[in-house]
Amino acid sequence: MKRVILIKYGELSTKKGNRNYFINTLYRSVQNKLKNYPVTIEKDRARMTILFEEKDLENIQNIINKIFGIHTYQVAVVCDSTEESIKSTLLEVVSQEAFSTFKIDVKRSDKKFPIPSQDFNHVLGGLLLKNIPNIHVDVHHPDLWIKVEIREESTYIYFHSYQGSGGYPVGTQARGMLMLSGGIDSPVAGYLAMKRGVELDCVYFEAIPHTSPEAREKVITLCRKLSSYTDLIHLHIVNFTPIQEKIYECCRDDYCITIMRRMMYRIMDRLCRSHNAYVIVNGESIGQVASQTLTSMNVINSVTNLPVIRPVACFDKLEIMEIARKIDTFETSILPYEDCCTVFVPKHPVINPRMDTCLEEELKFDYLPMIEEAVSSMNTIVVREDDQEYGDIL
Ligand code: ATP
Ligand code: MG
């Protein structure tokens with residue numbers, strides 16, 4: 001028996017004008033993610049089919065479960081769209097199942113098939129009742145719900161629909177730049193942005209020697225986990241030490257974090273513009289810390305005109321942690337390595353910073369050349385899911 005994976009597009013179908021673009025992007029994602037498997041992938045406007053080798057099914061399902069743009073899929077047995085072929089295949093597949101009640105749903109999208117759906121439902125139901133002992137029909141709560149889709153090219157028989165990741169295929173939106181720290185929130189923010197089709201670069205601000213190589217490794221691991229939802233991710237590592245030290249040398253204690261974040265945003269703005277990215281994405285959540293009150297966000301955000309997308313802005317920490325566990329970033333995020341934000345935390349960071357005070361404080365050192373230097377000395381690595389080592393960078 002030949003089996004295929006049938007992918008339904010779900011939410012894509014609401015995008016009428018862009019439909020082909022979405023389908024083609026999804027097709028490329030699937031092709032790319034399954035490049036190490038001997039599969040045949042076909043697509044039309046309603047669905048995609050993947051012909052696979054049985055031994056690879058579990059691995060392929062694990063991969064498909066992480067491809068955005070797939071809402072549901074089925075593993076279906078395929079046969080010719082003739083009455084005889086459908087009957088014999090159905091009997092063979094169903095005989096392998098243990099059940100006592102069943103229901104059959106025939107969908108005939110190939111109107112050339114001579115028997116109407118309802119009539120064929122009865123024909124097939126009768127066939128099973130006659131050939132398999134001790135079973136009966138239950139249309140409300142069947143043990144086995146058999147779907148038979150008769151299409152022109154083939155007929156598909158399956159019992160179960162799997163839930164995909166949903167969202168839009170990565171790459172159907174423009175690029176965004178994710179501020180990726182080693183914390184819990186930013187990988188979740190990255191995952192949620194990618195789920196809407198945003199292709200991401202990541203930026204990590206590090207402050208060696210105040211932060212350790214392990215902290216960097218942790219960020220690379222998080223980036224690798226995120227890259228399993230796309231093809232690869234460029235991770236830009238910015239040396240933030242000189243700016244951070246200067247801020248703590250020159251500025252008021254309570255404004256250090258606010259100014260530090262304004263500097264980060266300035267660098268993000270520069271990087272977006274030089275890397276063809278249209279939005280900044282980060283893991284800020286309203287009220288989580290002093291720099292994430294709405295007044296802080298306003299003062300920090302004002303250094304850039306770019307939209308800042310904060311996918312977890314309205315989530316509770318527990319809700320964010322739940323997603324972090326689901327996407328397998330949580331255990332890495334809670335490793336105890338210092339981040340550059342936590343190293344220099346002042347005792348009483350300002351909760352409602354004033355714009356004029358920020359501007360005054362920022363006059364105390366010449367930050368523009370430092371931002372220039374941070375951007376030009378930045379290190380970029382390409383992170384893929386299956387890469388294990390970054391010997392030259394760690
Ligand atoms: P997370 O929010 O990811 O759990 P965190 O709580 O340490 O980490 P916050 O102080 O809440 O980080 O910072 C808010 C957001 O700013 C982070 O979610 C992240 O997007 C960004 N950010 C903070 N520190 C860094 C950093 N060192 N490099 C890149 N982005 C950072
Ligand atoms: Mg946070």
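Just follow the structure's listing: the first ligand is 1, and inside any ligand the first atom is 1.
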Ring centres under 6.0 angstrom apart (Phe120, His122): no
Contact (N/O only, under 3.5 Å) between Pro187 and ligand 1: no
Contact partition for Val203 relative to ligand 1, non-hydrogen atoms under 4.0 Å: backbone
Pair Phe52-Tyr37, ring pair (Phe, Tyr, Trp, His ring centres under 6.0 Å): steps then yes or no: CA-CA 8 Å; Phe52 57 91; Tyr37 295 89; over 10 Å; no
Between Tyr229 and Phe68, ring centroids under 6.0 Å: yes
Arg108 NZ/CZ over Phe113 ring centroid, <6.0 Å and within 45° of normal: no
Within 45° cone and under 6.0 Å: Lys43 NZ/CZ vs Tyr27 ring: yes
Near-ring test His275/His236, centroid separation under 6.0 angstrom: yes
Contacting atoms of ligand 1, where contact means under 4.0 angstrom from a heavy atom of Asn282: 20 (O)
Residue selection (non-hydrogen contact nearest atom 18 (O) of ligand 1) among Gly283, Ala290, Ser333: Gly283
Ligand 1 N/O within reach of Phe205 N/O, cut-off under 3.5 Å: yes
Any Gln292 heavy atom less than 4.0 Å from ligand 1: yes
Salt bridge (charged side-chain N to carboxylate O under 4.0 Å, His left out) partner of Arg47, chosen from Glu42, Glu153, Glu149: Glu149
Ligand 1 versus Leu180: contacting region, heavy-atom distance under 4.0 Å: backbone
Ser181 N/O to ligand 1 N/O under 3.5 Å: yes
Ligand 1 N/O within reach of Asp185 N/O, cut-off under 3.5 Å: yes
Atoms of ligand 1, numbered as shown, that sit under 4.0 Å from any heavy atom of Ile184: 1 (P), 3 (O), 4 (O)
Parallel, tilted or perpendicular, as decided by the 30° and 60° cut-offs, for the rings of Tyr73 and Tyr162: parallel
Among Lys317, Met179, Arg310, closest by any non-hydrogen atom to atom 20 (O) of ligand 1: Met179
